[in-house]
Amino acid sequence: MENLLEVKNLKTHFTLPTKKIGATKPVLKAVDDVSFNVHRGEVLGVVGESGCGKSTLGRTVLRLENKTSGEVCYEGRDVFELDKAEIKHLRTQAQMVFQDPYSSLNPRKKINSLLSQPLRIHTDLSPAERTEKIDSIMEEIGLNPRYKNRFPHQFSGGQRQRIGIARALTLDPEFIICDEAVSALDVSVQAQILNLLLDLQDRHHFTYLFIAHDLGVVEFISTRIMVMYLGKVVEFAQKEELVAHHAHPYTKTLFAAFPTTNPHARETKKRVVMGDVPSPISPPAGCHFHPRCPHAMDICSKEYPEMREISPGHFAACHLLK
Ligand code: SF4
């Protein structure tokens with residue numbers, strides 16, 4: 001399959017301030033040596049607990065954060081090597097839908113203004129053509145075009161997220177990063193937005209990088225799933241393979257925490273141990289998951305496990321899985 005995005009050994013580290021004079025500044029390794037690719041037309045789900053680096057990963061891919069090292073190649077070009085004109089083009093091709101529909105829309109601007117701004121900056125469309133485009137996008141995302149003269153606060157949370165999606169669609173992108181795009185919504189509204197995203201993908205052949213902490217949401221929408229823990233990828237597979245044969249102990253805890261109606265599955269869950277998430281500023285040595293892992297061995301606190309292909313297309317980083 002053709003790769004739209006290739007990420008190689010990406011690191012995004014942040015040096016934090018310290019009040020002690022002369023002290024070494026702590027470094028937060030939000031994304032730490034992450035490699036993956038996104039096939040054109042797929043939905044790659046990225047799942048993990050809050051603070052695992054998945055949102056920073058999405059922002060770095062779009063060059064909204066600076067990388068520390070590594071490569072992010074979009075259609076074969078490293079996005080950190082692009083000149084001004086090429087970055088402008090990337091901004092039309094790759095868009096982002098943010099988590100919070102309440103704060104991601106400027107409350108002082110009407111929807112018409114919010115949606116026409118990217119068209120004014122990036123296209124030569126006339127005012128009449130911009131209006132036609134905005135009306136057609138609003139219809140496509142299930143909002144009456146008459147509502148474009150309203151302010152964001154006049155919409156419900158689900159409608160505001162539809163407007164966030166509409167804003168991402170204005171420039172006809174091919175790649176959309178959804179960063180916790182449904183996390184702030186009620187469950188029934190989540191389902192509507194997920195279905196809308198899938199309908200849009202059918203119609204426009206979008207490629208999504210779908211970031212969420214909710215395994216159920218990621219499982220519903222994704223083609224492949226990548227599991228992250230404290231800045232690193234710990235497991236990566238086709239969705240069906242990961243659901244049926246998740247092998248990494250951390251992925252198992254995620255699945256165990258996932259609500260189920262199967263009484264036998266509930267029995268299995270009782271055996272799973274969960275502890276506090278360590279600080280990403282000073283992650284545990286060796287396998288970062290070892291303080292919480294029910295299968296930890298001596299080697300786990302000393303050596304970080306290599307990512308290995310444990311079955312065709314199924315990768316995991318765990319000393320147990322050799
Ligand atoms: Fe657990 Fe060791 Fe595997 Fe880490 S490497 S997940 S500590 S068994």
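Counting starts at 1 for both ligands and their atoms, following the listed order. Any value given below was found using the heavy atoms of this structure, including those in side chains, with hydrogens, waters and symmetry copies removed.
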Determine whether a donor-acceptor pair (N or O, by modelled atom type, separation under 3.5 Å) exists between the side chain of E180 and the backbone of F210.
no
Report whether any nitrogen, oxygen or sulfur of C287 sits less than 2.8 Å from atom 4 (Fe) of ligand 1 (N, O or S, backbone or side chain).
yes
- Polar side-chain atom of E129 near backbone of S126 as donor-acceptor pair, under 3.5 Å: yes
Consider only side-chain N and O atoms of R292 and Y229, and report whether a donor and an acceptor are under 3.5 Å apart.
yes
request  = State whether H248 contributes an N/O/S atom found under 2.8 Å from atom 1 (Fe) of ligand 1.
outcome  = no
S301 side chain to D298 main-chain N or O, any donor-acceptor pair under 3.5 Å? yes
Among non-hydrogen protein atoms, atom 5 (S) of ligand 1 lies closest to H319 N, 3.3 Å
So the atoms of ligand 1 within less than 4.0 Å of a heavy atom of L320 turn out to be 8 (S)
min-distance protein heavy atom vs atom 3 (Fe) of ligand 1 -> C318 SG, 2.3 Å
Among non-hydrogen protein atoms, atom 1 (Fe) of ligand 1 lies closest to C293 SG, 2.3 Å
Flag the pair T170 / T123 as yes when at least one side-chain heavy-atom distance between them is below 4.5 Å, and no otherwise.
no
Q | Flag for E65-T12: side-chain donor and acceptor within less than 3.5 Å | A | no
Ranked by distance from atom 2 (Fe) of ligand 1, the top protein heavy atom is C300 SG, 2.2 Å
